[in-house]
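Each chain gets a letter, A, B and so on, in the order its sequence line appears, and its residues count up from 1.
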2 protein chains.
Amino acid sequence: MSDHVHTTADLTKNQSLVMGALAKASGPLSAYTILDELRDHGFRAPLQVYRALDKLVEYGLVHRLESLNAFVACSHAECEGHGQTAFTICQSCGDVTELADDDLAVRLKSLAARSGFTVRHSTVELRGTCRDCAAG
Amino acid sequence: MSDHVHTTADLTKNQSLVMGALAKASGPLSAYTILDELRDHGFRAPLQVYRALDKLVEYGLVHRLESLNAFVACSHAECEGHGQTAFTICQSCGDVTELADDDLAVRLKSLAARSGFTVRHSTVELRGTCRDCAAG
DNA sequence: ATCGCACACGTTATACCATTACACAATCAT
DNA sequence: ATGATTGTGTAATGGTATAACGTGTGCGAT
């Protein structure tokens, strides 16, 4: 591992398997769903999934959705670099979309800074109705 | 219950007990912590807590912190009305502070609206370091 | 070369968070 | 009174996450 930018090429076997499961999924997956999908590949215990997820999140390849207790592959080719990500979560169809707005990041940081708080990581999850479900 | 504005006076016995536990706590409490604190008052099962919490959250008297799986009493006397709340969560001392910024709400709504998404509820949780911990 | 270290991995057990299902009681409008 | 709604109590279960242990492997420093 030559530097701190990770791509899928750098991953260990377990990390690759978990990343693969998330990448081919259409939406977020829970750790236990991933476990079930990987039993054929030798996965036996939750910890194998959680350990891989921890690293993938650390590398910025995967995001954790706090309000769903689930995980999604980052939709940006190289996620490293944009500190702020927001998600929309449709309560009707379950669709999750990743929004990137650098200005939002700045705004949140400065809002927090007003009370002397330094932001390290931010969670922004918007629940509501997506365009398709509103139309249907 | 004459209208849809709830205050602590409107609460049922269980709701009052849970509200009381949260109100006198210095920070967020998990449902099971609340359960333990209320055993002396007859609480026996998690569901008693969760049912009360559901209502209190619905009434806007309590907020749920998704990233902590915990709950806090709203710090504003009358929380009903400000649609958007953001939290700072200090990773060092655990302190949780509620920020209100109406402009942020507008901004998030319009950001989502750009992709046709209608926001019903938003979660904004900023993790980092509070002023005191940065100074210490 | 081999020792020590860091790191990924495997397994079991456990802790923690939340809901389902069923039954009973209180309240209120008709 | 009756039925609808809401709150309550209890037991059982399901879902999420970590602790604690041990093993193996790669690799740099001595």
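By the ring pair (Phe, Tyr, Trp, His ring centres under 6.0 Å) test, B:Phe87 is found to be paired with B:His63, residues two or more places apart in sequence or in another chain being considered. Partners of A:Arg51 by salt bridge (charged side-chain N to carboxylate O under 4.0 Å, His left out), not counting sequence neighbours: none found. Take B:Asp54 and apply the salt bridge (charged side-chain N to carboxylate O under 4.0 Å, His left out) test, not counting sequence neighbours, and it matches no residue. Residues passing the salt bridge (charged side-chain N to carboxylate O under 4.0 Å, His left out) test with A:Lys55, sequence neighbours excluded: A:Glu58.
In this structure, A:Arg51 atom CZ and D:dC21 atom C1' are separated by 11 Å, rounded to whole Å. Atom C1' of nucleotide C:dA8 and atom NZ of A:Lys55 are separated by 9 Å, given to the nearest angstrom. Per the geometry, CG belonging to A:Leu53 stands 12 Å off P belonging to C:dC9, to the nearest Å. For A:Asp54 and D:dT18, the CG to P distance is 7 Å, given to the nearest whole Å. In this entry the distance linking CG of A:Leu11 with C1' of C:dC9 reads 15 Å, nearest Å. In this structure, A:Asp10 atom CG and C:dA8 atom P are separated by 12 Å, rounded to whole Å. We find that OH of A:Tyr50 is positioned 18 Å from C1' of C:dC9, with the value rounded to whole Å.
Sequence order on DNA chain D of the closest nucleotides to B:Asn69 and B:Thr12 puts B:Thr12 first from the 5' end.
Near-neighbour residues of DNA chain D inside residues 25-49 of chain A, defined by a heavy atom below 4.0 Å, number-ordered: A:Ser30, A:Tyr32, A:Leu47.
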Show me the donor-acceptor pairs, under 3.5 Å and distance only, between side chains in residues 124-136 of chain B and residues at least two apart or in other chains.
unit_1: B:Glu125; atom_1: OE1; unit_2: B:Ser67; atom_2: N; d: 2.9
unit_1: B:Glu125; atom_1: OE1; unit_2: B:Ser67; atom_2: OG; d: 2.4
unit_1: B:Glu125; atom_1: OE2; unit_2: B:Glu66; atom_2: N; d: 2.7
unit_1: B:Arg127; atom_1: NH2; unit_2: A:Glu66; atom_2: OE2; d: 3.3
unit_1: B:Arg127; atom_1: NH2; unit_2: A:Thr123; atom_2: OG1; d: 2.7
unit_1: B:Thr129; atom_1: OG1; unit_2: A:Arg120; atom_2: NH2; d: 3.4

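At least one donor-acceptor pair under 3.5 Å links the side chain of B:Gln48 to the backbone N or O of B:Arg44.
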